[in-house]
Amino acid sequence: MESNNDEPRRLDGRTVSGLQQALREQAIRAMNRGGRSHHGRGGGRHRGRPPGLRGREIGMFYRQRAMEREQQEELESFVLLQPEIIVKVQKMLSEYDSASTSTFRSEFENYFKSIRSTSFEQNMKEKLLESCVEQDDRLDEKMMIEYDEMMDNLKFQENMITREKLPVNTKKEEILNAIASNQVVLISGDTGCGKTTQVPQYVLDSYLSSGKASLCKIFCTQPRRISAITVAERVAWERAQHLGESVGYQIRLQSVLPHERGSITYCTTGILLKRLESDPLLNGISHIFLDEVHERDVNTDVVMGLLKEIISHRPDLKVILMSATFNTSTFSAYFNNCTNIEVQGTLFPVTEFYLEDVLEETKFANFPEEVQRKRPKWEKYRNKYKQSDSLDDYTSFIEPYARSVQDKYSKFVIEGIKNPNSEKINVDLLTALIFHISFNKPAGAILVFLPGYEAISKLHTSITNSKFYSAEKFKVYALHSMMPTADQKSVFSRPPENVRKVIISTNIAETSITIDDVVYVINSGKSKMTNYNPETKLQTLEEVWTTLANNKQRRGRAGRVQPGICYHLFTRAREFTMDALPTPEILRTRLESVILNLKMLRIHDVAQFLRKLVSVPDDSVVQTSIALLKRLNALDEREFITPLGLHLARLPIDPQIGKMILLAALFKCVDPITSVAANLSFKDPFYRPLGKEKLVDDIRVKFSKDTKSDHLMAANVITEYREEKRKGNERSFCYDNFLSISTLNQLEKMKGQFTDLLMEARFLESSDPTDPKNNYNSSNLDLLRSIISAGLYPNVAKVRRVKICKRRVDPRMDIITPEDGRVSFHPSSINSKQTGFEYKFFAYFMKQKSTAIYLFDTTMINPRALLIFGDGEGAGFDQLGNHFILLGDSFRFRTNRVSAEVILKLREKFDELLQKKAINPGPVDPESEDALLLGAITEVLNAGRFSGHPDYSSDEGNVM
DNA sequence: GGGTTAGGGT
């Protein structure tokens with residue numbers, strides 16, 4: 001076509017380095033190919049391999065070479081625009097070019113500049129001038145009268161009798177004195193000591209009774225939404241008041257706020273964190289209680305770090321940390337060795353037994369003898385020595401212990417614990433123990449802690465299939481966050497006499513769900529944990545040994561109503577090897593959201609701030625997260641927050657999903673995309689009841705219709721739910737389709753929150769997600785999928801092959817991502833059951849490695865959308881005259897000159913538009929030049945299914 | 001050949 005160009009040339013007008021890099025690689029590849037073919041023809045028996053290789057090395061060489069070839073080829077695709085589209089779009093673009101200008105919206109500019117130029121400290125100093133709580137004599141008098149009335153209330157007095165029996169009451173004066181004379185105080189106490197409900201009241205009442213209530217405003221954070229509500233309700237009840245008087249709560253999208261002054265507000269840690277963004281000095285707040293700090297969730301750790309800075313600017317602010325009784329020295333040390341007041345718990349004593357005791361008592365001895373693992377031969381060969389090592393490890397670890405206790409236990413017990421398989425979860429042993437307790441021990445519910453869904457399912461089947469089981473004598477519950485039982489009240493109810501209640505649970509019953517009548521706990525000693533590997537940049541889900549802290553918490557669940565028994569299904573020897581505490585969450589997770597929020601707080605050197613936290617995250621994780629934020633254009637090269645970043649930080653969702661809903665506002669497809677965003681940032685509305693897994697999968701496929709998208713499937717669910725609700729039919733709709741009403745309602749509320757915020761930021765004219773003005777393009781399926789991919793980018797996978805397998809229901813697939821190599825659609829993804837994809841590319845949000853690297857949620861994507869909304873520094877043409885565009889740094893699209901020009905121009909102009917909209921937020925005026933650009937993009941996307949060149953058609957076309 | 005611990009967002 002354009003034969004006058006012998007030199008590679010830029011098509012997108014950006015820096016040249018990426019192009020040069022790409023060309024260099026291209027040249028190297030070409031050389032390699034040439035080299036191989038030369039050897040292939042002339043080298044005879046060596047077929048291109050270097051001389052001197054022997055035995056296994058030869059095999060390894062060919063394997064390696066085949067893998068490299070395959071990877072390189074499979075990352076290449078084709079894209080071509082048809083001529084009439086090119087002409088049309090070029091015309092639109094030339095009109096756009098002449099019209100486009102941009103300016104800051106003035107009030108936003110000031111705000112933005114202040115965020116970039118002010119430091120955290122400066123900001124606090126400025127805010128200090130505005131903030132000064134003054135005592136209000138009239139208010140004090142009024143509240144003192146109310147206080148006296150409350151004290152006269154009989155109900156209050158009656159409740160006071162119970163309150164005074166709580167262990168924390170013995171330390172009331174000590175606590176009040178400590179808080180009065182210290183800025184930071186740590187109160188530690190175990191379950192039932194009353195610290196959460198009582199201590200804030202002690203403080204409030206001391207202000208009320210001394211006539212200074214107008215100076216008292218207490219916030220108490222909780223890690224979970226439910227606990228914020230239930231604690232607030234309890235405290236209001238103790239005071240013989242309704243919520244909203246001196247006690248209230250605030251969680252996301254739901255609050256009953258108490259009086260402005262002289263009050264206690266229980267809120268989630270996230271609420272406090274969000275408040276700090278605009279109110280770093282916590283204006284008007286006199287006391288901050290941070291509860292459950294020992295749980296070490298990300299939010300609590302970050303808030304602790306911030307409070308440490310804030311207290312020097314707010315000498316009148318009191319901080320009270322509350323924790324369980326382990327690890328308290330860490331928190332005390334963190335706050336300059338602050339006073340620690342320890343309170344006893346009220347739990348009943350719990351007797352502990354270990355695996356060896358359980359074997360003795362149940363006479364169980366059937367551990368499998370063989371180390372039976374099906375493995376490919378080569379892996380077995382490679383791991384031969386390693387495996388016997390681990391067997392030796394176990395022997396050397398258990399032998400000394402077994403010898404030390406051999407006189408106390410039967411021979412079969414000693415032999416049993418010497419078998420490494422005794423440490424695996426054994427459903428037969430669990431079943432035997434449960435029936436043993438049921439038939440031999442006094443009444444009381446049995447709570448079994450298992451690592452996850454699969455173990456719960458197996459044990460449930462084993463119990464209900466046993467000859468000892470009968471529906472009249474047993475009530476068996478499975479408890480898991482995805483099972484409906486977790487939302488129902490029945491699991492809390494006490495069974496009739498002579499009926500044994502058995503609850504099989506994940507660690508949801510460790511903290512989130514409390515069942516009072518439990519007397520027996522069976523602790524498998526295993527739990528699942530996500531981890532983040534900075535090297536592979538992969539999130540993993542692994543089964544791990546519990547920690548001593550977990551064991552203590554699980555054990556405590558047996559002693560709430562009477563003395564209890566805890567059976568640990570591991571030996572005392574194993575207990576010695578267990579960690580004291582779980583790894584704090586901030587060391588196990590990616591940090592994009594945290595970093596962006598810190599930037600909002602005007603903390604520019606986030607790495608330095610993070611180094612001052614109780615636990616310091618790995619610097620490489622910080623750098624990876626910063627790199628992604630830069631790639632999203634939320635941070636600039638100098639790591640300053642950009643106007644776009646500022647909008648994303650204000651939204652209560654991950655930055656990638658925030659970008660998705662911002663694009664939805666611009667492209668007018670708000671209803672479906674806010675559904676997608678809510679679903680990704682909250683949770684799946686589908687239950688997975690035991691034994692109904694396949695049924696639920698089928699229903700999901702049904703809801704996905706022809707979208708080839710888990711994301712749009714969820715959007716369809718919400719739309720249909722709304723329709724059924726309008727007809728008053730939502731209950732049966734949810735029941736029939738295994739949907740959670742409460743989750744769906746929360747998703748609807750979240751959608752409203754998103755549109756409220758988008759309207760506040762001026763990206764929308766209507767805050768109703770379903771308003772037609774917000775949804776001109778909501779039925780354009782290809783556009784919806786494109787917006788999803790634009791948000792989720794660079795999370796892209798490519799399907800190489802789909803095969804229908806006779807012996808299986810689901811097709812087999814061969815999928816890759818550039819970063820990970822082979823990956824799989826998770827079986828719960830609707831795309832794991834589909835064939836006949838029109839495009840090979842898929843966007844995903846969650847990727848997690850367990851038994852394989854799974855993509856949990858996927859949407860099939862038109863590659864044109866990726867090219868327009870994605871990034872990549874290389875484009876040009878190679879020696880053979882083939883034009884190409886690089887997507888990211890791996891996917892390569894062969895194309896022709898005009899197609900490349902048009903696509904890259906659209907990409908460039910769209911980036912500009914987004915930046916322009918970020919500094920001057922507003923809906924796209926349908927009459928404006930911006931609408932022209934969006935129209936041009938829509939035009940290209942809509943024409944995507946056509947492919948004009950016979951050589952290229954296979955790549956944009958069907959995959960089977 | 002193939003399956004998810006638990007939380008959180010003015």
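What you see is a predicted model, and the numbers here were worked out from it, not measured in a lab. The chains referred to below are lettered A, B, ... by the order of the sequence lines, with proteins before strands, and numbering in each begins at 1.
Taking atom CG of residue Leu306(A) and atom C1' of nucleotide dT10(B), one finds them 15 Å apart after rounding to whole Å. Separating the CD atom of Glu542(A) from the P atom of dA6(B) is a distance of 17 Å, rounded to the nearest angstrom. When the P atom of dG9(B) is taken as reference, atom CE of Met600(A) falls 17 Å away, rounded to whole Å. For the pair Lys847(A) NZ and dT4(B) P, the computed distance is 16 Å after rounding to whole Å. Distance, Leu747(A) CG to dG9(B) P: 13 Å, rounded to whole Å. Here the P atom of nucleotide dT4(B) and the NZ atom of Lys458(A) are 12 Å apart, to the nearest Å. Between Leu479(A) atom CG and dG7(B) atom P the separation is 10 Å, expressed in whole Å. Atom CG of Leu273(A) and atom C1' of dG9(B) are 8 Å apart (whole Å).
With hydrogens and angles left out, the side chain of Ser527(A) and the base of dT5(B) share no donor-acceptor pair within 3.5 Å. Between the side chain of Gln753(A) and the base of dG9(B), no donor-acceptor pair under 3.5 Å is found. Evaluation of atom-type donor-acceptor distances gives no pair under 3.5 Å for the side chain of Lys683(A) against the base of dG8(B). A donor-acceptor contact under 3.5 Å links the side chain of Asp697(A) to the base of dG3(B).
Using a 4.0 Å heavy-atom distance criterion, Arg252(A) is classed as a base contact. Using a 4.0 Å heavy-atom distance criterion, Asn550(A) is classed as making no nucleic acid contact. Note on Lys694(A): a base of the nucleic acid sits closer than 4.0 angstrom, heavy atoms only. Contacts of Asp297(A) with the nucleic acid, taken as non-hydrogen atoms under 4.0 Å apart, are absent. Nucleic acid contact for Ser832(A): none, since no nucleic acid atom lies under 4.0 Å from a heavy atom of the residue. Looking at heavy-atom distances under 4.0 Å, Ile653(A) makes contact with a base. Residue Leu272(A) is out of contact with every strand shown, counting any heavy-atom pair closer than 4.0 Å. At a threshold of 4.0 angstrom between heavy atoms, the contacts of Ser512(A) are confined to the sugar-phosphate backbone, with no base atom among them. Across all strands, Arg688(A) comes closer than 4.0 Å to base atoms (heavy-atom distances). Ser481(A) comes within 4.0 angstrom of the backbone, heavy atoms only, and of no base. Nucleic acid contact for Leu541(A): base, since at least one base atom lies under 4.0 Å from a heavy atom of the residue. At a threshold of 4.0 angstrom between heavy atoms, the contacts of Thr851(A) are confined to the sugar-phosphate backbone, with no base atom among them. Residue contacts shown for Tyr854(A) are limited to sugar-phosphate atoms, with no base heavy atom under 4.0 Å away. Using a 4.0 Å heavy-atom cutoff across all strands shown, Pro811(A) reaches at least one base atom of the nucleic acid.
For dG8(B), the OP1/OP2 oxygens have no side-chain nitrogen or oxygen of Thr268(A) closer than 4.0 Å. Within the structure, every side-chain polar atom (N or O) of Ser850(A) is placed at least 4.0 Å from both OP1 and OP2 of dG3(B). His480(A) has no side-chain polar atom (N or O) that falls below the 4.0 Å cut-off from OP1 or OP2 of dT4(B). The phosphate of dT10(B) (OP1 or OP2) has no side-chain N or O of Lys274(A) nearer than 4.0 angstrom. For Arg812(A), a side-chain nitrogen or oxygen approaches OP1 or OP2 of dG1(B) to under 4.0 Å.
In this structure, the nucleotide among dT10(B), dG8(B), dT5(B) sitting nearest to the side chain of Arg225(A) is dG8(B).
Of the residues listed (His480(A), Lys458(A), Glu693(A)), the one engaging Tyr453(A) in a side-chain hydrogen bond (donor to acceptor under 3.5 Å, both in side chains) is Glu693(A), and it is the only one.
Checked by atom type, the side-chain pair Thr514(A)/Arg557(A) shows a donor-acceptor distance below 3.5 Å.
Nearest heavy atoms, Ser704(A) versus Met713(A): N-CG, 3.6 Å.
Ring geometry for Phe112(A) versus Phe108(A): interplanar angle under 30°, hence parallel rather than tilted (30 to 60°).
Under 4.0 Å is where a charged nitrogen must lie from a carboxylate oxygen, and between Lys127(A) and Asp279(A) no such pair does.
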Working note: Arg700(A) + Ser829(A), criterion side chain to side chain contact (heavy atoms under 4.5 Å, CB included); need CA distance, chi angles, decisive distance, verdict. CA-CA 8 Å; Arg700(A) 294 167 77 96; Ser829(A) 166; over 6 Å; no
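Map Ser278(A) and Arg224(A) each onto its nearest nucleotide of DNA chain B; the residue landing nearer the 5' end is Arg224(A).
A cation-pi arrangement is present between Arg275(A) and Phe219(A) under the rule of less than 6.0 angstrom and at most 45 degrees off the ring axis.
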